[in-house]
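See below for the structure under consideration.
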Amino acid sequence: MRINIFDIPEEGLEQQFDLPVAIENNTKPDTASVRITILRFGKKVLVDGSVKAAVSLTCSRCLNDFYYPVDLNFREEYVPVDETAPEGDQELSEDELDVGFYKGEEIDLSGIVKEQVLLEIPMKPLCRNDCQGICSRCGADKNVQSCNCKDDHIDPRLAPLAKYKELLNQRKE
Ligand SMILES: [Zn+2]
Ligand SMILES: [Zn+2]
């Protein structure tokens, strides 16, 4: 989604558009519906946006696909890149971190929308907070069926510890 800054009238510009957002490891591209208000002060541009999307994710416990609702607001300020400045002079000072840059007359809003959506996606998505996951022995989805596997197996991450304990016991004997 590109906006020409000279298309932004004095009173501001309101726009609504759909944007495909592809999440990593996600086979289906999802669509975000975006609503933005753009104000321009000389060459400085202020963008207020709201993004709504249902992003399809894979649950990290049961591996089922589910839709994760995203509903967020963002505000970003854009200033033109100073193409005459010598390199190195454009490093961001700390209070400029929320500032985006545009080149020429166009601002591309796709990047900021995708970035905002990605920030909302959990690292380990869960289809629901109490997802029971998959039985590590028989592979049954424990959300829909119970299995008869006993839960007495040792967590593989703790196995070295168990071995160590065994060694200690042997030494005592
Ligand atoms: Zn799940
Ligand atoms: Zn099982």
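Read the numbers this way: they start at 1 and go in the same order the structure lists the ligands and their atoms.
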Give the cluster check for Val55 versus Leu119: same hydrophobic cluster or not, with ILVMFWY residues linked at side-chain heavy-atom distances below 4.5 Å.
-> no
Within one Ile-Leu-Val-Met-Phe-Trp-Tyr cluster: Leu109 and Leu72, side-chain cutoff 4.5 Å | yes
For the Zn ion (ligand 1), count the protein N, O or S atoms found under 2.8 Å away.
-> 4
Leaving out waters, which are not shown anyway, how many protein N, O or S atoms lie closer than 2.8 Å to the Zn ion (ligand 2)?
-> 4
Any sub-3.5 Å donor-acceptor pair from Arg61's side-chain atoms to Cys131's backbone N or O?
-> yes
Determine whether the side chains of Ser56 and Asp30 contain a donor N or O and an acceptor N or O closer than 3.5 Å.
-> yes
Please name all residues satisfying side chain to side chain donor-acceptor pair (under 3.5 Å) with Asp71, sequence neighbours left out, ordered by chain then number.
-> none
Contacts of type side chain to side chain donor-acceptor pair (under 3.5 Å), residue Asp48, not counting sequence neighbours = Arg75
Verify the neighbour count for atom CG of Asn148: are there more than 12 heavy atoms of other residues, nucleotides or ligands below 6.0 Å?
-> no
Give a yes or no on whether Arg128 atom CZ has more than 12 heavy-atom contacts from other residues, nucleotides or ligands under 6.0 Å away.
-> yes
Hey, is CD on Gln145 packed in by over 12 heavy atoms from elsewhere, all under 6.0 Å?
-> yes
